[in-house]
Amino acid sequence: MQNNQRPEPSSRPLLKTRRHLDPTVIENLLESAAILLPTPTMDYALSIFDKIDDPDSSAYNVMIRAFTMKQFPQKALILFKQMLENAVPFDEFTFPCTLKSCSRLRGRKEGKQIHAQIVKCGFWSNGIVLNTLIHMYANCGEIEIARKVFDGMPERDIFAWNSMFSGYVKSGYYEDAVRLFYEMRALGVRFNEITLVSVLTASGRLADIELGEWIAEYTRANGLVVNVNLVTALVDMYAKCGELDKAQRLFDQMDRRDVVAWSAMISGYSQARRCKEALDLFSEMQIANLHPNEVTMVSVLSCCAVLGTLETGKWVHLYIKKKRMKLTVTLGTALIDFYAKCGQIDSATEVFQMMPSKNVYSWTALIQGLANNGQGKKALKFYQLMRERNIEPNDVTFIGVLSACSHFGLVDEGHEFFNSMSKEFGIEPRMEHYGCMVDILGRAALIKEAYQFIKKMPFQPNAVIWRTLLASCRAHKNVEIGEEAVKQLVSLELMHSGDYILLSNIYASVGRWEDAMRTRNQMKERGIKKTPGCSLIELEGEIYEFLAEENAYPLKEVYCAAEDMIKQIKAAGYVPNTADARIDAEEDDKEAAVSHHSEKLAIAFGLIRTPPGATIRISKNLRVCTDCHNAAKIISKVYNREIVLRDRNRFHHFKEGSCSCNDYW
DNA sequence: TTAGGGTTAG
């Protein structure tokens, strides 16, 4: 070239020689522009395509394939429609990519229309077409149709089997995936690494460690440990089977760890509720210079929510914004849940409103968050809005809705929602929903009604139900039904230390101090140890301990001080109840959940008695729960006191009825 | 031209 300049990326030389009219040349050029050129857009390819007078099937196929590959599935389908309108004949290469685009878009309607075209054009026996058809149906939630196509195939290759496995796994039919794998082996069909990845996901979700170990052994024996996808699936399987040490060891041995491998390991710790370790690993990931993505952040935020590390979570949110990460439904929901659990309900609402798409999880997280942060009316408003948007609620949504009703004494509404579950939505109420109803009635002082409600339950009430009733009896001083609840708990052999404390407090509430002491002594005699419900008050370096259940202060004095504070809280419009403590606690820490109530009493006592400027430290590893939070807010206003509550991770500063929080690690 | 790993609400 004389002028040393590169030619413009156009077809000028071709035009000069008029070779651009040669269809073979045009098609090669189109393929290069659409598929081989590493450009993220399709502008150049489109300009060539538009110059072709009557594009044939091959030209369309190239464009459809390129749009599918470059993540423009919508455009691929538009071109397919154009082919139909322009009567361009489909061939065997048209369908696989078009169906893949349908899968990406979860377009089952479009997929079915394309299926009709496949039958019409006589491609119903083409193996590759059928394989992608299975994949499309399985990905669009039509797993039964996918299976019908699979079963109807005269010959199934590895693609057909793998499409079926991944379909089962993506739809959550893990047992079916495992069953099919055993069938495959019984038939002597060869599987490959891709098969194993899907089956590992299934065995992890089912906690089927036996199958998982078998695959791990197979992987080692056949030298497959070089496959990053397969090893990541193994790490994930071990983590989901509760074998975190094995998962970590395998992760450590990996030569190359990508963002998915790190995310799998972080989520492993997160799901095992080993949140501190998950966050440590997240720091390590950054030191290793690996960039987290949306999926990593979901696990990280979930840990921040559990630990109550507001500052860390806020940093994660800033990072998400700075890196312009996509606010996916999952990520948005994790953010809502994080902010709500840290008491920042306005930020949770803001995130919800920013989300481009929402599902039942996001709505439920917000409703639950609002209900737990004392905004029951708003929670119900969002439920109404959700219904107006035609989002179908599920069983979890109703736990949020019913708990909003209980915080606000909405008995009639509670009944209506409870009845609507099965009538309108075909959801049979579970133990938890009955528990919510008992709580609603109990908080509203309808103790007899709550008791009758339990009696009419269609299945045996569990200890939580009786404990909820017992807590209501304590709040509303009902000795008779309280004793009945205890009788039931004794018969179920599920009496906890907290139940004795509740019964003792019921006696105390009606001035039966001897019975109150007798109940506590009974607990000691029966060797039932109470998790110390103590609060520590840190004042000028000195630590003062408050033990509610011991005789550090006479029972009567502790009780009356707590009662006085509860009156103040009620006067300010909030109804405290032990059910919140139970909701707040870790699932495996029931003992702590129950003792939390006594702790709140101790805090109440401490708040009133301690001098200004004191820091109340929450004992054990519990978070400052909603009740404590609200109590402190109200006390700071009513008693005009500055209060600092401190739990494992945060300082909560209360002043004039509002709160600000700081992480301290 | 078709198949694969990590994520959310109780």
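Here is the naming used below: chain letters follow the sequence lines, and residue numbers restart at 1 for every chain.
Distance from the side chain of A:Asp157 is smallest to B:dT2 among B:dA3, B:dT2, B:dG5. The side chain of A:Thr333 sits closest to B:dT8 out of B:dT7, B:dG10, B:dT8. In this structure, of B:dT8, B:dG4, B:dT2, it is B:dT8 that holds the atom nearest to the side chain of A:Thr330. Nearest nucleotide to the A:Ala365 side chain, out of B:dG5, B:dA9, B:dG4: B:dA9. Set against B:dG10, B:dG5, B:dG6, the side chain of A:Val259 has B:dG6 as its closest nucleotide. Side-chain proximity of A:Ile128 to the nucleotides B:dT2, B:dA3, B:dA9 is greatest for B:dT2.
In this entry the distance linking CZ of A:Arg257 with P of B:dG6 reads 18 Å, nearest Å. For the pair A:Lys341 NZ and B:dT8 P, the computed distance is 11 Å after rounding to whole Å. Atom CG in A:Leu180 sits about 15 Å away from atom C1' in B:dG4, given to the nearest Å. The CG-P distance, from A:Asn192 to B:dG4, rounds to 11 Å in whole Å. One atom, CZ of A:Phe95, and another, P of B:dT2, lie 15 Å apart when rounded to the nearest Å. One can place CZ of A:Phe123 at 16 Å from P of B:dT1, the figure rounded to the nearest angstrom. Rounded to whole Å, the distance from OH on A:Tyr269 to C1' on B:dT7 is 18 Å. The interatomic distance linking A:Phe282 (CZ) with B:dT7 (C1') rounds to 14 Å, in whole Å.
Remark: the A:Asn227 side chain and the B:dG5 base include no donor-acceptor N/O pair separated by less than 3.5 Å. Put simply, the side chain of A:Thr132 and the base of B:dT2 share no donor and acceptor less than 3.5 Å apart. One donor-acceptor pair, N or O on each side, does fall under 3.5 Å between the base of B:dG5 and the side chain of A:Asp258.
Among the protein residues, A:Arg205 comes within range of the sugar-phosphate backbone only, with heavy atoms under 4.0 Å from sugar or phosphate atoms but none that close to a base. Within 4.0 Å (heavy atoms only), A:Val129 reaches no atom of the nucleic acid at all. Counting non-hydrogen atoms under 4.0 angstrom, A:Thr328 reaches nothing in the nucleic acid. Contacts of A:Val231 with the nucleic acid, taken as non-hydrogen atoms under 4.0 Å apart, are absent. Across all strands, A:Asn61 comes closer than 4.0 Å to no nucleic acid atom at all (heavy-atom distances).
Listed by first and then second residue, the side-chain hydrogen bond (donor to acceptor under 3.5 Å, both in side chains) pairs involving residues 197-206 of chain A are A:Tyr174-A:Arg205 (not counting sequence neighbours). The stretch residues 325-336 of chain A participates, sequence neighbours left out, in these side-chain hydrogen bond (donor to acceptor under 3.5 Å, both in side chains) pairs: A:Thr333-A:Ser362.
Here A:Ser267 reaches the OP1 or OP2 of B:dT7: one of its side-chain N or O atoms lies under 4.0 Å away. For B:dT2, one of the phosphate oxygens OP1 or OP2 lies less than 4.0 angstrom from a side-chain nitrogen or oxygen of A:Lys100. Between A:Gln271 and B:dG6 there is no side-chain N or O to OP1 or OP2 distance below 4.0 Å. Between B:dG6 and A:Lys170, no contact under 4.0 Å exists linking OP1 or OP2 to a side-chain N or O. A:His433 has no side-chain polar atom (N or O) that falls below the 4.0 Å cut-off from OP1 or OP2 of B:dG10. The phosphate of B:dT7 (OP1 or OP2) has no side-chain N or O of A:Ser263 nearer than 4.0 angstrom.
A:Phe93 does not qualify as a stacking partner of the B:dT1 base, lacking a centre-to-centre distance under 5.5 Å together with planes within 30°.
Cation-pi geometry between A:Arg257 and A:Phe251 is met: the NZ or CZ atom falls under 6.0 Å from the ring centre, inside 45° of the normal. Remark: A:Arg156 is positioned above the aromatic ring of A:Phe150, its terminal NZ or CZ atom under 6.0 angstrom from the ring centre and at most 45 degrees off the axis. In this structure, A:Lys70 forms no cation-pi arrangement with A:Phe72, as its terminal cationic atom is not both closer than 6.0 Å to the ring centre and no more than 45° off the ring axis.
Contact check for A:Phe425 versus A:Pro393: side-chain heavy atoms found under the 4.5 Å cut-off.
Aromatic ring orientation, A:Tyr218 versus A:Trp214: parallel (interplanar angle below 30°, classes split at 30° and 60°).
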